[in-house]
Amino acid sequence: MMNLLRLMSGRTATAPVARERLQILLAHDRGLRGQPELLGLLRAEILAVVSRHVVLDPEKVVVRMERGKQVSTLEVDIEVPNGFERSIAAAV
Amino acid sequence: MAQVLVVTSGKGGVGKTTSTAALGAALAQMGEKVVVVDFDVGLRNLDLVLGAERRVVFDLINVVQGVAKLSQALIRDKRLENLWLLPASQTRDKDALTDEGVGSVIAELRTKFDWILCDSPAGIERGAMLAMRYADEAVIVTNPEVSSVRDSDRIIGMLDSKTVKAERGERVEKHVLITRYDSGRAARGEMLSIEDILEILSTPLLGIIPESQEVLRASNVGSPVTLNNTNSAPASAYVDAVRRLMGETVTMIVPVERKGLMNRLLGRRAA
């Protein structure tokens with residue numbers, strides 16, 4: 001029936017395209033929602049914990065969230081300066 | 001116990017005010033005592049859709065600021081004795097509404113009415129936040145169109161996090177109301193189907209209001225759709241929606257306008 005109607009109207013159905021675009025877009029939108037707060041919080045706390053033991057440049061701490069269909073991954077990238085043991089020694 | 005219901009959408013022009021007036025009138029017709037509250041400060045229109053624009057003296061902001069008593073600002077409908085309007089102000093002062101002020105007005109309305117319908121402004125700013133703030137349930141008005149569905153999703157997220165109920169760990173009961181639906185176009189694959197929208201928003205359906213000339217006709221004369229032409233397709237769709245709000249189980253159909261043969265053939269399809 002749908003195909004017949006479509007043939008009669010001589011146009012292609014655009015609703016499936018709308019549906020697919022929305023699904024992709026909303027997966028992204030929902031991933032972003034509330035995330036700035038969470039990532040900011042995680043970053044601040046990770047920085048605080050690591051800084052107790054290692055002298056860090058706060059700029060070099062990157063926390064990233066990758067949302068997947070089944071699981072999501074949290075990526076924490078901390079750049080530690082060479083000879084950081086010495087900075088601990090100095091700090092202690 | 002009084003129910004506070006917000007009619008919201010995110011996107012503008014989808015039919016929030018039309019739906020607030022129609023749902024409010026239908027509830028009042030069923031014997032419920034109803035107040036419809038316009039939260040669209042600066043761009044009030046609910047008074048116009050209800051045909052009460054020349055009777056506005058005091059408004060929501062006057063009440064919030066203590067300039068007028070609630071009883072002075074409430075306008076009783078001339079056709080339905082159970083229906084009242086609390087109009088918005090035309091001032092453009094964005095900060096005139098405060099959280100506490102709105103809270104105390106809603107609390108007072110709860111003691112006087114069965115239903116408090118809050119007509120939200122478009123957007124996700126302060127006005128929209130305050131309209132939903134004290135809601136027990138929400139009607140999310142959505143058009144079968146990508147930008148409207150996206151904004152509805154955003155609003156659903158806000159209802160789940162920014163309302164008093166959400167902050168208490170409770171849930172605002174949410175319903176999707178699809179307006180301007182054209183079952184013929186949906187059947188031809190030219191318009192998102194009901195199933196598509198519900199799957200994407202994962203929120204239960206309250207009703208499907210068909211695209212209809214009756215909606216414009218009713219607003220032209222300042223009468224809620226459900227009152228202006230009770231036999232019209234959108235009127236019966238709104239009445240069905242209200243019966244569902246009241247807890248009745250009503251079969252979901254898309255009322256079809258009686259027109260040409262072709263329209264009827266196509267119209268029946270997606271119902």
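From a predicted model like this one, the values you see are computed outputs, not experimental measurements. So you know, we letter chains A, B, ... as the sequences are listed, proteins then strands, and number each from 1.
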Note: D77(A)-K60(A) ion pair, threshold 4.0 Å (strictly below): no
Backbone of V250(B) reached by a side-chain donor or acceptor of R244(B) within 3.5 Å: yes
Heavy-atom pair of closest approach, residues V7(B) and K16(B): CG1-O, 3.6 Å
R185(B) and E211(B) ion-paired at < 4.0 Å: no
Greatest number of heavy atom pairs closer than 4.5 Å to chain B - which of L25(A), L22(A), V17(A): L22(A)
For R43(A), salt bridge (Lys or Arg N to Asp or Glu O under 4.0 Å) partners two or more places apart: none
Members of residues 127-147 of chain B whose heavy atoms come closer than 4.5 Å to chain A: V146(B)
Non-hydrogen atoms of E214(B) and P234(B) that approach each other most closely: CB-CG, 3.8 Å
Steps toward side-chain hydrogen bond (donor to acceptor under 3.5 Å, both in side chains) verdict (T17(B), D119(B)): CA-CA 6 Å; T17(B) 302; D119(B) 184 19; 2.9 Å; yes
Among the listed options D153(B), V149(B), I197(B), D196(B), the residue most often paired with chain A at heavy-atom distances under 4.5 Å: D153(B)
